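Just follow the structure's listing: the first ligand is 1, and inside any ligand the first atom is 1. On a predicted model such as this, the values are computed, not experimentally measured, just so you know. Heavy-atom basis, side chains included; hydrogens, waters and symmetry copies ignored.
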Amino acid sequence: MSRPAVRFAPSPTGYLHIGNARTALLNWLFAKARGGRFVLRIDDTDRERSREEYADAIVTDLAWLGIPPDEIVRQSQRFELYRGAAERLKASGRLYPCYETPEELERRRKRRLARGLPPVYDRAALELTDEDRQRYEAQGRKPHWRFLLGDQPVGWPDLCRGEQSFPPGSLSDPVLLREDGTWLYTLPSVVDDIEMGISHVVRGEDHVANTAVQIEIFRALGAEPPVFAHHNLLVAAAGGGLSKREGALSLRALREAGYEPMAVASLAVLVGSAAQVEPVASLEELAERLDLSRLSRAPSSFDPAELDGLNARLLHDMPYEIAAPRLDAMGVGGGPAFWAAVRPNLVYFQDVVEWWRIVNGPVTPAADPADATFLETAVGQLPAEPWDEATWPAWTGQLKEATGRKGAALFRPLRLALTGREQGPELKRLLPLIGRKEAVRRLTAGATGKAG
Ligand code: GLU
């Protein structure tokens, strides 16, 4: 295959959600694994609903996912091209004017259904004479324009779904241009795909019927249609599809909640794929696991709560070199030893801030008054520095012998006094980071009841 060119074509009418991320990522992964080009096409022909703020957010969100486009194209700047294509279709008799009102169409649709016929457009407008049209125009009616579908079946080998075929007569001639001169998405998309040299269209299966129509439009415009791949859709486990306005699953909200882009990408791509859903550290690795032909055919249900587990596992395996610049930027020190100590306890990266405070203070030690004597003994037995990971087992081993305490009775008071918490990273790793002087202070505060 020569280098593919793909496009991700959202309309800027809301924030991207995890389902859109699936489409964007599948395009990017497919193209990049083959040295190809990834274009962002902003489908903003609907001027009423499109907003600049959403277009900007799409660009930001793709960058956050790690898949910035090689090129950005905006449909609102290309009306001239669409008009030109429409004129060509009119000239070849494939685009014809219709004057029905929505109410008329609805009445006819119902009549066809009642007679057991498919509710497709009956092409009555093709029978209109010039006089009929003049009469309508004189009444102030403006035409909308339909594309005349052919009388042959339309099919294509879909990279996700296998062979597809639509029999003639199963679809209505699609409206390409509305009465008010605004475009539906159908024609501009084809014109752009041709003009941008798009080789593969990877999009959701909600577009399968559009593809049957668009393949005919490609041909009517003298172009070879691209290869199509229609992936299954994502549905949140709680039920219902994902809509852009469902705020919580927007990429923006997920980012603000502290999820790693690779946790989101791993879930968005691997759910309903042949590979297991697990956190994958890089897009390159994700590309290796992706096989479009083995995506599930049914909608893939996912539980947003799964993201927590994926995020945590991603952080648990994150090497220090990757974490270091982020720790620096957050003013968190401690180097590799700190990272190794806290990484198994992270769910979100920003949790490091709290653990850094627990290492550095201020910490209010907690203690049970009944443990005061034990904590005094513990201070007395603290080994001299230098400390390392062997310090904790040596110290607590000694304490066990001296006091006869073991298990929770031994460890819990120490943890409470040293960190002020019931749970946390392994103390053998934290203790050398806290250091002797501060450990003495915290244990003493615990012993003397100055604990919080
Ligand atoms: N704007 C369309 C959508 O968001 C694009 C579909 C396509 O990829 O062609 O559904």
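P153 places a side-chain heavy atom less than 4.5 Å from the side chain of P168.
For ligand 1, the atoms closer than 4.0 angstrom to any heavy atom of R7 are 7 (C), 8 (O), 9 (O). Remark: ligand 1 atoms within the under-4.0 Å shell around heavy atoms of S189 are 9 (O). For ligand 1, the atoms sitting less than 4.0 Å from at least one non-hydrogen atom of R203 are 7 (C), 8 (O), 9 (O), numbered in the order shown with element in parentheses. Numbered from 1 in the order shown, with element, the atoms of ligand 1 that lie under 4.0 Å from a heavy atom of D43 read 1 (N), 2 (C), 5 (C).
Looking at R289 and E285, a side-chain N of the basic residue comes within less than 4.0 Å of a carboxylate O on the acidic one, giving a salt bridge. A salt bridge between E216 and R219 is absent, with no side-chain N of the basic residue lying under 4.0 Å from a carboxylate O of the acidic one.
Looking at F8 against ligand 1, nothing comes within 4.0 Å, counting heavy atoms.
For the pairing with E80, the side chain to side chain donor-acceptor pair (under 3.5 Å) check across R83, Q77, R78 returns one residue only, R83.
A cation-pi arrangement is present between R421 and W355 under the rule of less than 6.0 angstrom and at most 45 degrees off the ring axis.
For V201, no nitrogen or oxygen atom sits less than 3.5 Å from a nitrogen or oxygen atom of ligand 1, counting backbone and side chain alike.
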